[in-house]
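Contents: one structure, followed by commentary.
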Amino acid sequence: MAIISDDAGIEKRAKRNPIIKSETIEYDNTFENSIRPKDFESYIGQSALKETLRIILEAAKKRGKPLDHMLFYGPPGLGKTTIAGVIASQMGVEIKITSAPSLERPRDIIGILMSLKGGEILFIDEIHRLNKVAEEILYPAMEDFTLDMTTGKSQTAKTLRVPLPKFTLIGATTKAGELSSPLRDRFGMIHRLEFYTVEELSEVVKRTARILDIDITQEGATAIAMRSRGTPRIANRLVKRVSDFAIVKYDGKIDEDVANESLDILKIDEFGLDNTDRALLSLIIDKYDGGPVGIETIAAALSEDVRTIEDVCEPYLLQAGLLQRTPRGRKVSPEGFRHLGRKMPSAQTSLFRLD
Ligand code: ADP
């Protein structure tokens, strides 16, 4: 899937340069970057988060102190990186962006920490993938703004405490459960980003269309929003795909019919599921009588990696109630069978009734 291939690019590039500056945040993806909201007003939805942040930011400004460390979690494309950028611009400070897989060696994380200036924000994406050494360097840095460095060897070794400027760490993760508790406990604020409603996503669609100078009706925006799996990144991609279609086949304007027709051609159904999602559900139904079946088996049969399935496909299928997670693996829900127009095997039906 596209998101994962982006990640592979990020990792390669980040290995060469652990700090990816905000200007190149989308790793050459100028489209995403050009439409990324920069302030609270253009950051749509997540109202509880924005309310809390407004208060925290104002209090920090009044006290003249840096912000508490923050952790944002939730599926990809919901706006974790974007909100970190909004926070930085509202505070008028620089943000340095990196991702955990690029902080392999101690000197990577030490280098970044030492390059920070007072009040600056360090954003670490996929923070659940930090290795133990990097985590242990982060503990005193987050808590006391110091780096504990060891010099010399064995008996003559000395620990040196190097002061760091007071910075704010913003971590983002798709898997909060995989963070070690000492690391999780060092964040002053932990917030889960929610999937967006159709109304919110249609605002995202209209905003993006405005920036790209695309003519769209309210009904056209709603049609795209309904198939965007609750995710702004997907909504934005669909606006672009549908707009290409509208330019080639129509007069360039997106209305409800143009949106629906192009999304049908793109094989994105009314739930927003694409071919991979449908293949996943069909596989469990056809080969495993609806499940339960282990994630590794599913990934191998689909020739996808486990991470793509867990991070990209599953969260929405679970939230839409099409898939269920059980201790013995994944199974397709009655709603999932219905969505694909399949009949549930009778044993499965009674099994679900017992649930
Ligand atoms: P994450 O870091 O959670 O994977 P991003 O912050 O990179 O997601 O967001 C992906 C894209 O979706 C961004 O380019 C941005 O344009 C758009 N986006 C995310 N959140 C919002 C929002 N609340 N309002 C408008 N656009 C958003």
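Numbers here simply count residues along the sequence, with the first being 1. Whatever order the structure lists them in is the order used to number ligands and atoms, beginning at 1. Everything numeric in this text was worked out from a predicted model, so none of it was measured.
For I44, a nitrogen or oxygen atom sits less than 3.5 Å from a nitrogen or oxygen atom of ligand 1, counting backbone and side chain alike. The N/O atoms of R207, backbone and side chain alike, include none that comes under 3.5 Å of an N/O atom in ligand 1. Here's the thing with Q46: none of its N/O atoms is less than 3.5 angstrom from an N/O atom of ligand 1.
If you look at F72 next to ligand 1, there are no close heavy atoms at all, none under 4.0 Å. By the criterion of a heavy-atom distance under 4.0 Å, the side chain of N236, and not its backbone, is placed next to ligand 1.
If you number the atoms of ligand 1 from 1 as listed, the ones under 4.0 Å from a heavy atom of P76 come out as 4 (O). Distances below 4.0 Å separate heavy atoms of I35 from the following atoms of ligand 1: 16 (O). In the vicinity of T82, heavy-atom distances shorter than 4.0 Å reach the ligand 1 atoms 5 (P), 6 (O), 9 (O), 13 (C), 15 (C), 19 (C).
Considering only heavy atoms from C-beta on, K80 comes within 4.5 Å of L193 through its side chain. Residues I295 and E310 are in side-chain contact: their nearest non-hydrogen atoms beyond the backbone lie under 4.5 Å apart.
Classification of the F167-F145 ring pair by plane angle, with boundaries at 30° and 60°, yields perpendicular.
Closest heavy-atom approach to atom 8 (O) of ligand 1 within the set G79, G45, P37: this belongs to G79.
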Inset, instruction - Evaluate the side-chain hydrogen bond (donor to acceptor under 3.5 Å, both in side chains) criterion for residues T217 and D255: first the C-alpha distance (whole Å), next the side-chain angles of each, then the deciding distance (0.1 Å), finally the verdict. - result: CA-CA 5 Å; T217 64; D255 61 18; 5.9 Å; no
Inset, instruction - Quick one: do Y139 and E143 satisfy side-chain hydrogen bond (donor to acceptor under 3.5 Å, both in side chains)? Show the steps, please. - result: CA-CA 6 Å; Y139 296 157; E143 216 159 69; over 6 Å; no
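Across all non-hydrogen atoms, the minimal contact from P37 to V86 is O-CG2, 3.7 Å.
A cation-pi arrangement is present between K240 and F31, with the terminal nitrogen or guanidinium carbon under 6.0 Å from the aromatic centre and inside a 45° cone about the axis.
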